[in-house]
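Have a look at the structure below before the remarks.
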Protein chains: 2
Amino acid sequence: MTLSGEPAFEDMTAKARLRETALRLFAEEGIEGTTVRDIARMSGVSLGLIRHHFGSKDGLRAACDTYAIEQMVHLKKEIILDGKLADRESMSSFHPRMLVLIRYVARSVCDGSPSADAMFSQIVSSTQDWIEAQFPGEFADPRMQAALVVATEIGILVMHKQFSDVLGADALSPKGHLQLARAKVEFYSKPLISPEVAATALETIEKLQDSPNSKQHEEGGAAC
Amino acid sequence: MTLSGEPAFEDMTAKARLRETALRLFAEEGIEGTTVRDIARMSGVSLGLIRHHFGSKDGLRAACDTYAIEQMVHLKKEIILDGKLADRESMSSFHPRMLVLIRYVARSVCDGSPSADAMFSQIVSSTQDWIEAQFPGEFADPRMQAALVVATEIGILVMHKQFSDVLGADALSPKGHLQLARAKVEFYSKPLISPEVAATALETIEKLQDSPNSKQHEEGGAAC
DNA sequence: TCATATATGATACATTTGTATAGTTACATG
DNA sequence: CATGTAACTATACAAATGTATCATATATGA
């Protein structure tokens, strides 16, 4: 049994192995990029079993969706109840199991999976709770701020290969993750737009919002 | 002719139409998710012409890559030289043409395209220049901070559908883009981790980096 | 024990999709 | 005008892939 209470891969039923393999392959290679034959082979079963247990590839994906969502809330509770993290506001991108789940969400969003909206919404809500607890009344639209944090975090996962180049270490390895954590602390604690620039930028934006000539293009930061 | 100097779609040569359609479809539907038949039909030409001009689908993708990179540096210069933006540090996610190009980059990263690394690197460098000009010596690793900004910006594009839900408007429309810009100004100007929390977080991370028992999972922020 | 349902496997099928080939038109150039 | 080269089309081909069908084994319960 792992820390999270699942049996080891070899001890799982064929159905569970299929779901587990699919979750991982979908996360790593994308949904389109994963073939049912790959999933079956890596689960040590035959092709037909996917149809038998899940009806179709899309049925298997749907099973992964509900399982991932259920696991995320479960893991979050488990981690919060865990004494070591009870006093920390952080969630659990450090927990390897959570990493897999969030990578699955990231890929679902990229691939336009039907459940992506629900999964995204859930993670945003969780982040929003944290923001509102930490900075009550500080932000005009806490949900939007939460969404931006999620965009950053999931963006890092989507671009983990490119981040590994910048880091000089695998961003998903423990070592790289720690380096990345340092950088993220700096990113989230130091503003990249000064108050003055922010003020004028907001002014400009408001002016543009009032005038309907939406053709104009200007912005006050966020180089990209 | 458009502002950027390209002829209108109907006036383009078949080869240019194919490249333009491919760029858009690859960006919107993904590379795997786009068929050469779709590209040909939407370009108003026959299937074989893709092979004639580009050799293969992958050849067409490569042509889009080099074109996108060339266009990005070209557009950036053009926008900077443009008087209206000369005094602003912002780059040009507001420019509709740049939006298409960056969406193409975002999709290339998602799909693991071979040129994704180069495109990402270029955008990060551009952002890094801006950061170093704005805040000289402020950040320990400016390139890493730039990468995090790019992760946020590209993450927003990847999740634009979900962001539209939060915004209550299409995130890629002028109206939604302005709303989003307001939120981004707040995001980049207000810290989400207080200095005290940041300090203790960095301490914790350093402790973990020294001790090789990388199994531990903790972090000092970045709820996700 | 026998029967029935569930689990599992082997194989065939149809569709999609990228690629290859051959033919046709248009256009420049001598 | 002749001719050849590039642009372009129509169609055929082969591989990959999700799905369906049929057969077999295993377990469970009357």
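No experiment lies behind these values; they were computed from the predicted model shown. The chains referred to below are lettered A, B, ... by the order of the sequence lines, with proteins before strands, and numbering in each begins at 1.
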Taking [atom1] from [X] and [atom2] from [N], how many angstroms apart are they, rounded to a whole number?
X	N	atom1	atom2	value
B:R17	D:dC8	CZ	P	8 Å
B:E32	D:dA16	CD	P	14 Å
B:I31	C:dT17	CD1	C1'	16 Å
B:L18	C:dG18	CG	C1'	15 Å
B:R41	C:dT17	CZ	P	11 Å
B:R51	C:dT21	CZ	C1'	9 Å
A:D58	D:dT17	CG	C1'	15 Å

Checklist entry - For residues 102-117 of chain B, which residue pairs qualify under salt bridge (Lys or Arg N to Asp or Glu O under 4.0 Å), counting only residues two or more places apart or in two chains? => result A:K161-B:D117

Tell me, please, which residues at least two apart from [X] pass side chain to side chain donor-acceptor pair (under 3.5 Å).
X	value
B:R19	none
B:R17	none
A:S108	none

Using the 3.5 Å cut-off, write out each protein N or O paired with an N or O of nucleotides 7-11 of chain C and the distance between them.
residue: C:dT8; atom: OP2; partner: A:H53; partner atom: NE2; Å: 3.1
residue: C:dG9; atom: OP2; partner: A:S46; partner atom: N; Å: 2.7

Checklist entry - Would you call the rings of B:F187 and A:Y188 parallel, tilted or perpendicular, where under 30° means parallel and over 60° means perpendicular? => result perpendicular

Checklist entry - B:E32: what forms a salt bridge (charged side-chain N to carboxylate O under 4.0 Å, His left out) with it, not counting sequence neighbours? => result none

Checklist entry - NA contact type, A:T34, heavy-atom cut-off 4.0 Å: base, sugar-phosphate, or nothing? => result sugar-phosphate

